[in-house]
Amino acid sequence: MTAAPKSMDAIMALCKRRGFVFQASDIYGGINGFWDYGPLGAQLKKNLREAWWQDMIMNPCWGRKGPNGQRVQCVPLETCIIQHPKVWEASGHVGGFNDPMVDCKETKGRYRYDHVMVYVPAGGAAAAGDKPIFAYVGDQPSETKQKKKAEKTFGEVASVALSTIPQPWTRVIGPDAEKPGTLTEPRMFNLMFDTIPGAIRDEANKAYLRPETAQGVFLHFKNVVDSSRVRIPFGIGNTGRSFRNEVTPRNFTFRSREFEQAELEFFCHPDESKAWYEFWRDFRMDWWKSIGLAGENLILREHDKDELSHYSVGTSDVEYRFPFTAPGFGELEGIAHRGNYDLTQHQTHSKVKLEYYDTTRGELLPNGGRKGERYIPHCIEPAAGLDRGALALICEAYTRDDTRPSPEFLKLHPRVAPIKAAIFALMDKDGMPEVADKLADEVFAKFGRYGFIENDAKQSIGKRYARMDEAGCPFCFTIDSDTLKDQTVTVRDRDTGQQQRIGIDKVCGFLTEKLGL
RNA sequence: GCGGGCGUAGCUCAGUGGUAGAGCGUCAGCCUUCCAAGCUGAACGUCGAGGGUUCGAAUCCCUUCGCCCGCUCCA
């Protein structure tokens, strides 16, 4: 095996060539930050979404028992992209994460407006007269450097926020700049897309495209509890498109402005939340491994204390080493312990009680029941990016081996591979195509719903195998002259190129076993 | 947003002022009893887009869009 380092350019070329990923609005020159999926990509992503749905909602964690010793219980939900604008105020997406930035024209540095401070004379900024005043960012090298300069200029200095200095800042020297007047006015970065529902365009009706699917779940926590007999602990899963107006869309589909999430909000009693957090963190890692990301390119990274959101007890990221992040890693999924932050926020903002009445807790009553306990559940949130997942699967699968007749191929796990199997007549004559057609009908009937089944008798067999390798089809079944005599076919394994003979009536059984369906 | 690179056939790229090219892929035919991705032939181009200079622009100039890399950002 002569494995060459993986080139992102080569992977992107293959994605286009074989119809995995196209640039959105390609024929109009594309649109920054948006990508579409071609036939194979659409099916690959659907397989990934389907695997998530199966393993998270329908048969959660493959039947693995939770920390409470019980089967894990989850239900699905499907919520709208557009919700009431107040949802995003409650969640903190409006206001909190919408930070104005200032740029420095000299150094090309970019700073959060609210982080920039200025050293002025002890008597206040006005006392500086025509002299420059010195901006800095706390805990950065600029802090001591600028302080020294300021003290040299003014003697005793005071520190004030940049926002207190009237614009334009012609006398302000940027934190890392030499000359004054290089800072731009603060600019807002619009991180949420907005839109205006209703026939009449009125800013007062502004609504947002959701930046995450999670909030839809919190909004319906009570509805789900009241309508579906779920009891704590349980999870609610929600998949769908989300939108973030990324400052810099980059790295192929990795940071897109429109993307798809698969999020689970798992609600539990505060006392059990740590155990559930660890449970989900470990399962999610195992899950990604199970669909083909096993190996050193996948890591679980526990966030440091100072990285955590103020409400979070713990957060881990499942990270994959993409060719464009190597030797670093890029986030595939975040597993966050969110405490009761979200439900509390929505309870406050909506003024609707989102407490849960837990009849399994509280003191024992004489009649053998429990008194019950009211609380706002804690939430564990495994939030996966499906587009990032699909990209990681492709990157991991992409293999180059120049010793093979098909040097480029995709070692996709059979469960996610968009083409599940190919049926080939070795030659387009002697009755072989007819046998192949019959077998293909049978395989279609049984597996066609899970992915594409190819049936092709044209061109040389090597060419057809190579084509399947490049598309990541795991198995090719070939009908030859022996098939006509003894009812056997060859099965070719994509990764090894090796063949074995099995009975033609064993093909479906073989696929059932290998595809993990 | 800034800086750098790039944009020509489905893909990879050559073409620096004078008739738009190659390899691969695709399709057809041939051949072929398992890697033959072989042989022959065919189809396929707003040279990213718009404007300008010029007798003449893929090529020079301006504007713009997109991709990649670095910085920055990333709920």
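Protein chains get the first letters and strands the later ones, always in sequence-line order, with residue 1 at the start of each.
When the options A/F324, A/Y398, A/F322 are evaluated for a side chain to side chain contact (heavy atoms under 4.5 Å, CB included) with A/M8, the one that passes is A/F324. Only one option out of A/N238, A/T79, A/I236 pairs with A/H220 in a side chain to side chain contact (heavy atoms under 4.5 Å, CB included); it is A/T79.
Of the P atoms belonging to B/A49 and B/U72, the separation is 35 Å, rounded to the nearest Å. Nucleotides B/U59 and B/G21, compared at atom C1', are 15 Å apart to the nearest Å. Here, B/A22 and B/C61 have their P atoms 28 Å apart, quoted to the whole Å. Look at the P atom in both B/C27 and B/U16: the space between them is 34 Å, to the nearest Å. To the nearest whole angstrom, the two C1' atoms, one in B/A14 and one in B/C73, are 39 Å apart. To the nearest whole angstrom, the two P atoms, one in B/C69 and one in B/C13, are 15 Å apart. Nucleotides B/G7 and B/G50 have their C1' atoms positioned 16 Å apart, rounded to a whole Å. Using atom P as the reference point in both B/C39 and B/G51, the two lie 45 Å apart (nearest Å).
In this structure, B/C73 forms no base pair with any nucleotide, since neither Watson-Crick nor G-U wobble geometry is met with both distances under 3.5 Å. Nucleotide B/C6 forms a Watson-Crick or G-U wobble pair with B/G66, both donor-acceptor distances falling under 3.5 Å. Across the strands present, B/A28 finds its partner in B/U40; the criterion is a Watson-Crick or G-U wobble pair with both atom distances under 3.5 angstrom. Pairing for B/G56 is absent, judged as Watson-Crick or G-U wobble with the two contacts each under 3.5 Å.
Straight-line distance from the CG atom of A/D428 to the P atom of B/U32: 14 Å, rounded to whole Å. Remark: C1' of B/A75 and CD of A/E246 are 10 Å apart, rounded to the nearest angstrom. Whole-Å rounding puts the A/M468 CE to B/G25 C1' distance at 14 Å. At whole-Å resolution of the value, CZ in A/F409 and P in B/C35 are 17 Å apart. Protein atom NZ of A/K429 is 6 Å distant from nucleotide atom P of B/U33, rounded to whole Å. The separation between A/R257 atom CZ and B/G66 atom P is 8 Å, rounded to whole Å. We find that CD of A/Q261 is positioned 13 Å from P of B/A75, with the value rounded to whole Å. Counting to the nearest Å, the C1' atom of B/C67 and the CG atom of A/D9 are 10 Å from each other.
For A/R301 and A/F329, the positive end is not near the middle of the six-membered ring at less than 6.0 Å and at most 45° from its axis. Geometrically, A/R404 engages A/F409 in a cation-pi contact, judged by NZ or CZ lying under 6.0 Å from the ring centre and within 45° of the ring axis.
A/N32 has a side-chain polar atom (N or O) that falls below the 4.0 Å cut-off from OP1 or OP2 of B/C67. In this model, the phosphate group of B/C69 is approached by a side-chain N or O of A/N251 to a distance below 4.0 Å at OP1 or OP2. When the side-chain nitrogen and oxygen atoms of A/R467 are compared with OP1 and OP2 of B/C27, one or more of them lie within a distance under 4.0 Å. Side-chain N/O atoms of A/Q459 include one lying less than 4.0 angstrom from OP1 or OP2 on B/C27.
Within the model, atoms OG1 of A/T253 and CG of A/L386 stand 11.5 Å from one another, a figure rounded to the nearest 0.5 Å.
Taking the six-membered ring for Trp and thresholds of 30 and 60 degrees, A/F510 and A/F477 have ring planes more than 60 degrees apart, a perpendicular arrangement. Using a 30° and 60° split on the angle between ring planes, A/H378 and A/H337 fall in the perpendicular class, above 60°.
Distance from the side chain of A/F324 is smallest for B/C69 among the nucleotides B/C11, B/C69, B/C67. In this structure, the nucleotide among B/C11, B/C2, B/C34 sitting nearest to the side chain of A/R250 is B/C2. Here the side chain of A/L426 is nearest to one of B/U33, B/C11, B/C68, namely B/U33. Side-chain atoms of A/L191 lie closest to B/A75 of the nucleotides B/U26, B/A75, B/C67. Across B/A28, B/A75, B/C34, the shortest atom-to-atom separation from the side chain of A/K458 is found for B/A28. With distances taken from any side-chain atom of A/T248 to the nucleotides B/A75, B/U26, B/G1, the minimum falls on B/G1.
Residue-to-nucleotide contacts include no donor-acceptor pair under 3.5 Å from the side chain of A/R492 to the base of B/C34. Contact of A/Y465 with B/C34 (side chain to base): a donor-acceptor pair of N or O atoms is detected under 3.5 Å. The base of B/G10 lies outside donor-acceptor range of the side chain of A/R18, with no N or O pair under 3.5 Å.
A residue-by-residue look at A/K16 and A/E470 shows that A/K16 has its nearest nucleotide of RNA chain B further toward the 5' end. Take the nearest nucleotide of RNA chain B for A/T478 and for A/E408: the residue whose nucleotide is more 5' is A/T478.
Nucleic acid contact class of A/Y28 (heavy atoms, under 4.0 Å, all strands): none. Within 4.0 Å (heavy atoms only), A/Q23 reaches sugar-phosphate atoms of the nucleic acid but no base atom. Contact annotation for A/G19: no contact, since no heavy-atom pair falls under 4.0 Å across all strands. Counting any heavy atom pair closer than 4.0 Å across all strands shown, A/F252 reaches sugar-phosphate atoms only and no base atom. Note on A/A13: only backbone sugar-phosphate atoms sit closer than 4.0 angstrom, heavy atoms only; bases stay farther off.
Minimum heavy-atom separation, A/I419 to A/P474: O-CD, 3.2 Å.
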